[in-house]
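Below is one structure, written out as C-alpha cells, with a few remarks after it.
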Amino acid sequence: MERILVVGSTGAGKSTLARALSRRLDVPYHEMDALYFAGPGWAVNERLAEDVGEIAARPRWIIDSLGYPDVRDLLWDRADTVVWLDYGRHVIMPRVLRRSLRRTVTRESLFGGNRERWRDWLTRDHPAWWAWSRYPVRRREIGERVDDPRFAPLTVHRLRTPRTTAAWLAGLPSGG
C-alpha cells in the first residue's frame with residue numbers, strides 16, 4: 001500500500017482514516033477538499049488537475065476521496081489500493097450532523113478559509129443534505145469502479161462498519 005485512495009460517502013470518516021493511515025504507514029496524506037477549494041466563497045482551484053497530477057505522480061500518497069470528476073480517472077489509474085468505507089446511512093448521518101453542528105457553532109475555518117454557516121443548513125449543498133441525497137449515488141459510483149475490469153489490479157478493502165475498520169487499521173504493520 002503506497003498509493004491509497006480512501007473512499008466512501010460524505011461523513012464516513014475518510015479524512016480521519018486517511019490521517020490515521022498516514023501516521024501508521026508513514027505515507028504522505030493529501031486532503032482532497034483542501035486541494036479543491038482554493039479560497040473564500042468556496043472558490044474552486046483552477047489548477048486542481050495539475051496539483052493532483054503532481055501528487056499522483058509521486059511514489060507514495062494517500063488521498064481521502066473518490067476524486068472530483070476532473071481527476072477521478074487519474075487517481076484510480078495511479079492508485080494501488082482503495083479503502084472503501086461502505087457504512088450505512090445510520091452511521092454516516094449522525095457523524096455528518098455532529099461535524100456540521102460543531103463547525104457551525106465554533107465557526108471552524110475550513111478549506112480556503114471558508115466556514116459552515118447557519119443559513120447554509122437550508123441549501124442543497126450543505127454537507128447534511130449532500131450526504132443524504134448523494135448516498136446511493138456515491139455507493140453506486142464506487143461499486144461500479146471497484147467492479148470495473150480496468151481497475152482490477154487495485155487491492156480493495158471494503159470495510160462495512162467502524163469496528164471492522166478499527167480492527168483492520170490496528171492489524172496493519174507500522175512504518176510502511
Side-chain angles (χ1 to χ4, degrees), residues 1-37 42 52 55-56 60-69 71-72 75-76 79-112 114-116 120-121 125-146 151 154-176:
M1 292 194 306
E2 303 217 328
R3 293 177 309 282
I4 305 164
L5 289 174
V6 179
V7 303
S9 297
T10 299
K14 298 179 299 292
S15 300
T16 301
L17 179 61
R19 279 188 209 95
L21 277 172
S22 176
R23 288 189 300 272
R24 182 91 184 186
L25 302 175
D26 194 27
V27 174
Y29 161 58
H30 305 275
E31 188 172 22
M32 180 57 75
D33 284 340
L35 293 166
Y36 184 77
F37 294 108
W42 302 98
V52 172
I55 293 167
R60 304 177 80 224
W61 47 262
I62 298 171
I63 294 183
D64 59 350
S65 177
L66 168 65
Y68 286 93
V71 297
R72 190 170 293 160
L75 289 171
W76 282 71
D80 60 34
T81 304
V82 171
V83 181
W84 181 4
L85 300 180
D86 188 18
Y87 301 163
R89 273 188 174 142
H90 68 284
V91 172
I92 65 162
M93 288 310 300
R95 287 178 171 193
V96 82
L97 289 168
R98 281 191 303 267
R99 180 183 71 187
S100 285
L101 183 60
R102 183 194 78 240
R103 288 175 172 177
T104 303
V105 168
T106 65
R107 302 206 22 85
E108 180 179 334
S109 180
L110 301 172
F111 330 104
N114 293 288
R115 290 177 167 73
E116 289 188 34
D120 296 336
W121 283 73
D125 290 336
H126 185 272
W129 293 108
W130 184 260
W132 182 263
S133 65
R134 299 291 298 170
Y135 178 82
V137 174
R138 182 56 42 101
R139 282 190 80 227
R140 185 175 56 251
E141 287 173 335
I142 295 168
E144 287 172 357
R145 284 199 169 252
V146 164
F151 303 117
L154 290 170
T155 299
V156 176
H157 300 278
R158 187 174 183 179
L159 306 169
R160 295 178 187 265
T161 67
R163 180 175 288 170
T164 303
T165 301
W168 175 80
L169 182 62
L172 294 176
S174 295

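The figures that follow rest on heavy atoms only: side chains count, while hydrogens, waters and symmetry mates do not.
- With D80 contributing its side chain and R3 its backbone, the two residues share a donor-acceptor pair below 3.5 Å.
- Put simply, CD on E2 and CD1 on I62 are 10.5 Å apart, with the number rounded to the nearest 0.5 Å.
- When atom types are taken as modelled, the side chain of D26 and the backbone of S174 share no donor-acceptor pair closer than 3.5 angstrom.
- Between the side chain of R24 and the backbone N or O of L172, at least one donor-acceptor pair lies under 3.5 Å.
- The distance from the CH2 atom of W129 to the CZ atom of R134 is 15.5 Å, given to the nearest 0.5 Å.
- Among all heavy-atom pairs drawn from V27 and M1, the shortest one is CG2-O, 4.4 Å.
- Considering only heavy atoms from C-beta on, E116 comes within 4.5 Å of L110 through its side chain.
- A donor-acceptor pair is defined here as one N or O able to donate and one able to accept, closer than 3.5 Å; no such pair exists between the side chain of R138 and the backbone of S9.
- Across all non-hydrogen atoms, the minimal contact from A56 to W61 is O-NE1, 3.3 Å.
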Step by step, would you call V6 with L85 a side chain to side chain contact (heavy atoms under 4.5 Å, CB included)? CA-CA 7 Å; V6 179; L85 300 180; 4.3 Å; yes
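- When all heavy atoms of R115 and S109 are compared, the closest pair comes out as NH2-CB, 4.0 Å.
- Judged by distance alone, with hydrogens and angles left aside, the side-chain atoms of R139 form no donor-acceptor pair with the main-chain N or O of D86 at under 3.5 Å.
- With a 4.5 Å cut-off on side-chain heavy atoms, E31 and F111 count as touching.
- The shortest distance between side-chain heavy atoms of D33 and Y68 falls below 4.5 Å.
- Put simply, the side chain of R72 gets close to the backbone of G67: a donor and an acceptor are under 3.5 Å apart.
- Here the side chain of T161 pairs a donor or acceptor atom with the backbone of T164 at under 3.5 angstrom.
- By the 4.5 Å heavy-atom criterion applied to side chains, W76 and V82 are counted as neighbours.
- Between V146 and V7, every side-chain heavy-atom pair lies at or beyond the 4.5 Å cut-off.
- Considering only heavy atoms from C-beta on, V71 comes within 4.5 Å of M32 through its side chain.
- Annotation: W121, atom CH2; neighbour count of heavy atoms from other residues, nucleotides and ligands within 6.0 Å is above 12.
- Here the side chains of T10 and I92 are not in contact, with every heavy-atom distance at 4.5 Å or above.
- When all heavy atoms of R89 and P136 are compared, the closest pair comes out as NH2-CD, 3.3 Å.
- There is a side-chain donor-acceptor pair under 3.5 Å between T165 and Y87.
- Minimum interatomic distance between R99 and P127 (heavy atoms only, all atoms of both residues): NH2-CB, 4.1 Å.
- Between the R19 side chain and the Y29 main chain, no donor and acceptor come within less than 3.5 Å of each other.
- If you take NE2 on H126 and OG1 on T104, they are separated by 5.0 Å, rounding to the nearest 0.5 Å.
- Considering D64, T81, L169, T16 in turn, L169 is the only one that fulfils the side-chain contact (heavy atoms from CB on, under 4.5 Å) rule with L21.
- Residues L66 and E141 are in side-chain contact: their nearest non-hydrogen atoms beyond the backbone lie under 4.5 Å apart.
- Contact between S65 and L5 at its shortest, heavy atoms only, is O-CD2, 3.5 Å.
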